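What follows is a short report on a single structure.
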Amino acid sequence: MARFVCPSDRGELRIYENLDEVATELADYIADLSEVSVKERGFFAIALSGGSLISLMGKLCEAPYNKTVDWAKWYIFWADERVVAKNHADSNYKLAKDCLLSKVPVIPSHVYSINDSMSAEEAANEYEFVLRQLVKTRTVGVSEISDCPKFDLILLGMGPDGHVASLFPNHMALDEKDEWVAAKQKHYTQQLMTWDPIALCCLPGWFSRATATWCGFWTR
């Protein structure tokens with residue numbers, strides 16, 4: 001049970017005593033939204049990031065979710081990814097596969113991971129092209145106020161330095177206005193791929209943050 005709930009016209013903030021409660025709430029939220037999206041559109045398009053939030057999705061592998069969710073209608077994307085091999089320990093794809101995708105009957109062709117055989121810039125261009133094709137077919141929705149993709153759900157967390165989906169405070173990528181997917185460099189060697197912030201602001205989402213003393217989420 002949430003110990004604190006703060007609704008507003010911009011969403012709802014809930015704070016919990018422990019991560020087990022958050023995992024159950026997250027699973028309920030995803031399962032319900034998936035059911036609604038499949039009934040309304042025939043698809044459920046979800047964008048993942050990395051971090052502890054993805055680990056919490058493991059609850060979906062348990063009953064009743066593993067039997068009641070229509071996994072064949074899921075289309076899975078990434079809100080950000082490191083430019084490393086898919087089997088690398090730093091790969092967000094690997095994290096999602098280990099925690100969820102390998103344990104539920106999603107259709108492999110519905111999993112849109114980032115191409116790890118290209119440079120960051122080439123992979124970003126390819127991913128944006130794929131997204132634009134899926135927006136045309138409305139497998140991925142489109143924003144009512146722009147041509148940006150609008151997923152049924154995007155899952156995000158916040159790092160201790162304030163970064164969200166590999167978008168770091170004051171980084172030049174935050175000024176991007178045209179591209180849906182951008183490649184950038186973090187620190188001195190690690191290249192990352194990230195969604196354009198315009199695309200992110202158009203998405204319904206679940207945003208989480210956990211500390212040693214509390215954990216909570218905001219839904220939009």
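As the structure is a computational prediction, the values presented were derived from the model and not from experiment.
- Summarising the geometry of D80 relative to S49, their closest heavy-atom pair is OD1-CB, 3.2 Å, with the distance given to 0.1 Å.
- Here the closest non-hydrogen pair linking A79 and A47 is N-CB, 4.4 Å.
- Placement of V142 and L134 within a single hydrophobic cluster is found when ILVMFWY residues are connected by side-chain heavy-atom separations under 4.5 Å, directly or transitively.
- Taking 4.5 Å as the limit, some side-chain heavy atom of Y29 sits within range of a side-chain heavy atom of L153.
- Linking Ile, Leu, Val, Met, Phe, Trp and Tyr whenever their side-chain heavy atoms come within less than 4.5 Å leaves V36 and W71 in two separate clusters.
- With rounding to the nearest 0.5 angstrom, the CG atom of L100 is 7.0 Å from the CD1 atom of I76.
- At distances below 3.5 Å, not a single donor-acceptor pair connects side-chain atoms of S37 with backbone N or O atoms of F43.
- K103 and C99 get closest at one heavy-atom pair: CD-O, 4.0 Å.
- Counting heavy atoms from C-beta on, the side chains of L33 and I46 never come closer than 4.5 Å.
- Using a 4.5 Å cut-off on side-chain heavy atoms (C-beta onward), Y65 and I30 make no contact.
- Separation of atoms CG (D28) and NZ (K59) is listed at 9.0 Å; rounding is to 0.5 Å.
- Across all non-hydrogen atoms, the minimal contact from N115 to A123 is O-CB, 3.6 Å.
- Hydrophobic clustering (side-chain heavy atoms under 4.5 Å, transitive across Ile, Leu, Val, Met, Phe, Trp, Tyr) keeps V135 apart from F129.
- Side-chain contact check for F151 versus V140: some heavy-atom pair is nearer than 4.5 Å.
- The minimum heavy-atom distance linking A45 with T139 is given by the pair CB-O, 3.9 Å.
- We find the CG-NZ distance between N92 and K86 to be 12.5 Å, quoted to the nearest 0.5 Å.
- Of the N and O atoms on the side chains of N87 and Y93, not one donor lies less than 3.5 Å from an acceptor on the other residue.
- Taken from OG in S91 to CZ in R82, the straight-line distance is 8.5 Å, to the nearest 0.5 Å.
- In this structure a side-chain-to-backbone donor-acceptor pair under 3.5 Å is missing from R41 to V38.
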Derivation and outcome, side-chain contact (heavy atoms from CB on, under 4.5 Å), residues M118 and N125: CA-CA 10 Å; M118 297 178 169; N125 291 337; over 6 Å; no
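- Judged by distance alone, with hydrogens and angles left aside, the side-chain atoms of Y112 form no donor-acceptor pair with the main-chain N or O of V130 at under 3.5 Å.
- Nearest approach of K94 to H88, heavy atoms of both residues: CD-O, 3.2 Å.
- Within the 4.5 Å cutoff, the side chain of I54 has heavy atoms near those of the M57 side chain.
- Expressed to the nearest 0.5 Å, how far CD of E121 lies from CD of E126 amounts to 13.5 Å.
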side-chain contact (heavy atoms from CB on, under 4.5 Å) assessment of L101 paired with V111: CA-CA 9 Å; L101 302 182; V111 179; 4.1 Å; yes
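- Note that CZ of F77 is 6.0 Å distant from CG of L131, once rounded to the nearest 0.5 Å.
- H110 places a side-chain N or O within donor-acceptor distance of the main-chain N or O of A72, the cut-off being under 3.5 Å.
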